[in-house]
Protein chains: 2
Amino acid sequence: MDQLDRKIIAELRNNGRATYAELGRTVGLSASSVHERVGKLEAAGVITGYHAVVDPRRVGLGVTALVGIQPTDTASDDEVAVALGELPEVESCYAVAGDEAFVVKVRVETVDELERTLGRLRRIDGVARTHTTVVLSTRFEGRPNNTGLDQG
Amino acid sequence: MDQLDRKIIAELRNNGRATYAELGRTVGLSASSVHERVGKLEAAGVITGYHAVVDPRRVGLGVTALVGIQPTDTASDDEVAVALGELPEVESCYAVAGDEAFVVKVRVETVDELERTLGRLRRIDGVARTHTTVVLSTRFEGRPNNTGLDQG
DNA sequence: GTTGAAATTAGGTCGGT
DNA sequence: ACCGACCTAATTTCAAC
């Protein structure tokens with residue numbers, strides 16, 4: 001991982017569909033060198049994937065909530081995490097320090113659906129309580145700004 | 001936005017570098033038709049971008065925290081949000097219901113840097129208190145699973 | 001690791017349906 | 001809206017350095 005790799009990664013974080021030729025022009029390498037470097041970064045697990053980002057509201061997912069999950073005394077964190085992963089409305093899942101075992105990000109169409117989703121969360125074995133924070137607006141999300149990649 | 005568009009979007013969320021020919025094969029259209037549809041989805045703001053996803057730990061960002069931001073009585077939410085956006089270590093920012101005005105996701109290299117970042121957050125005009133939840137592990141994140149796109 | 005050349009494939013435009 | 005045909009440009013492989 002040298003500076004050229006970092007530049008390539010930064011560029012691909014900004015534009016995941018940049019061509020190798022384009023990347024080569026911005027970093028000062030041939031397309032085939034970039035191709036080889038990107039392949040190695042993917043193989044090494046540095047680049048884990050490429051994804052189109054969609055405006056959630058325009059695909060009918062206007063309601064976002066952050067839900068803290070308090071576990072029961074006997075809960076297995078791993079089993080709870082797997083169960084959380086089985087709900088498609090749970091987009092992200094973080095195991096956290098504090099009295100909650102997890103914080104999950106939930107995206108649904110309506111508050112009605114949020115209510116149903118919270119019911120499903122509470123019915124998971126090992127879940128004692130949930131604490132829900134409704135998102136009113138997403139100011140920004142997933143910015144590619146502090147990777148240590150941009151500044152050099 | 002018909003079912004074909006939804007299929008294309010679902011595919012691009014899974015693989016942001018899928019070629020138009022590949023997309024055409026999976027949805028049953030020609031590459032040129034897919035090209036036209038994707039162009040319209042981008043122009044309509046449904047698809048907002050394409051990004052490579054990087055394993056944060058492999059680029060020296062091993063510490064993640066969720067930070068609730070309590071505002072002062074006189075705070076302007078918009079100004080606080082702008083100030084939060086100026087810190088590169090703040091990756092996402094949500095305005096939320098409840099006694100906190102915002103929840104932000106912070107990513108830094110070390111807990112030392114987390115401490116410094118929290119100091120910077122508290123020094124923002126309009127920020128009264130912060131409440132930090134340290135992420136112990138990310139079980140999954142940003143899954144493209146509940147877009148209403150996948151189930152057809 | 002890097003390159004340039006060669007073969008293959010994709011992108012992008014457009015006329016026709 | 002979709003397709004096929006077309007030309008341009010990119011990907012991908014590879015021998016050579």
Side-chain angles (χ1 to χ4, degrees), chain A residues 1-61 109 142 144 147-152, chain B residues 1-61 109 142 144 147-152:
Chain A
M1 272 270 287
D2 60 7
Q3 292 306 92
L4 290 172
D5 284 329
R6 277 181 257 275
K7 269 191 174 178
I8 290 168
I9 292 169
E11 203 56 33
L12 282 171
R13 280 169 63 91
N14 285 320
N15 176 14
R17 281 181 84 82
T19 68
Y20 297 125
E22 280 169 354
L23 294 169
R25 283 190 282 274
T26 60
V27 306
L29 282 179
S30 68
S32 41
S33 290
V34 174
H35 182 243
E36 191 183 350
R37 280 171 176 264
V38 171
K40 285 181 180 173
L41 289 168
E42 290 168 353
V46 179
I47 296 173
T48 58
Y50 303 89
H51 302 286
V53 174
V54 171
D55 183 343
R57 290 165 302 185
R58 312 204 70 143
V59 294
L61 289 176
E109 282 199 33
T147 49
L149 304 166
D150 311 273
Q151 47 271 60
Chain B
M1 271 269 288
D2 59 7
Q3 292 306 91
L4 291 171
D5 284 328
R6 277 181 258 273
K7 270 190 173 179
I8 291 168
I9 292 169
E11 204 55 35
L12 282 171
R13 280 170 65 91
N14 286 320
N15 176 14
R17 282 180 85 82
T19 66
Y20 296 124
E22 282 168 352
L23 294 170
R25 281 189 284 274
T26 60
V27 305
L29 282 180
S30 70
S32 44
S33 292
V34 173
H35 183 246
E36 191 182 353
R37 280 171 176 267
V38 171
K40 285 180 182 174
L41 289 168
E42 290 168 354
V46 179
I47 296 173
T48 58
Y50 303 89
H51 303 285
V53 175
V54 171
D55 184 343
R57 290 164 302 186
R58 312 204 71 143
V59 294
L61 290 176
E109 282 199 32
T147 48
L149 304 167
D150 311 274
Q151 43 271 62

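Put simply, CG on B:L23 is 16 Å from C1' on D:dC2, counting in whole angstrom units. The separation between A:Y20 atom OH and C:dT8 atom C1' is 15 Å, rounded to whole Å. In this structure, the CG atom of A:L4 is 7 Å from the P atom of C:dT2, given to the nearest Å. The distance between atom CZ of A:R17 and atom P of C:dA10, rounded to the nearest whole Å, is 12 Å. Regarding B:D5, its CG atom lies at a distance of 8 Å from the P atom of D:dC2, rounded to whole Å. For the pair B:R37 CZ and D:dC3 P, the interatomic distance rounds to 9 Å; values are reported in whole Å. The separation between B:E36 atom CD and C:dG11 atom P is 15 Å, rounded to whole Å.
Among the protein residues, B:E22 comes within range of no part of the nucleic acid, since none of its heavy atoms lies under 4.0 Å from any strand.
Looking only at distances, a side-chain donor or acceptor of A:R17 sits under 3.5 Å from a matching main-chain atom of B:A18. Between the side chain of A:R58 and the main chain of B:A44, a donor-acceptor pair closer than 3.5 Å is present. Panel note: side chain A:H51, backbone B:G16; no donor-acceptor pair is recorded below 3.5 Å. A donor-acceptor pair under 3.5 Å is formed between the side chain of B:N14 and the backbone N or O of B:A10.
Between A:S30 and C:dT2 there is no side-chain N or O to OP1 or OP2 distance below 4.0 Å. Of the side-chain N and O atoms in B:S33, none sit less than 4.0 angstrom from OP1 or OP2 of D:dA1.
Here the straight-line distance linking atom CD1 of B:I9 with atom CZ of B:R37 works out to 10.0 Å at 0.5 Å rounding.
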Pick out the pairs of N or O atoms, protein on one side and nucleotides 14-17 of chain C on the other, that lie under 3.5 Å.
none

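Residue B:T19 has its side chain nearest to C:dG11 when only D:dT11, C:dG11, D:dC3 are considered. Closest to the B:H35 side chain, of the nucleotides D:dC2, C:dT3, C:dG12, is C:dG12. For A:R25, the side-chain atoms get nearest to D:dA10 when compared with the rest of C:dT3, D:dA10, D:dC2. Distances from the side chain of B:A21 to the nucleotides C:dT2, D:dC2, C:dA10 place C:dA10 closest. Considering only side-chain atoms of B:L29, the nucleotide from D:dT11, D:dC2, C:dG12 that sits closest is D:dC2.
Here the closest heavy-atom approach between residue B:I8 and residue B:L23 is recorded as O-CD2, 4.3 Å.
Here A:E36 pairs with A:K40 in a salt bridge; the nearest charged N to carboxylate O distance falls below 4.0 Å.
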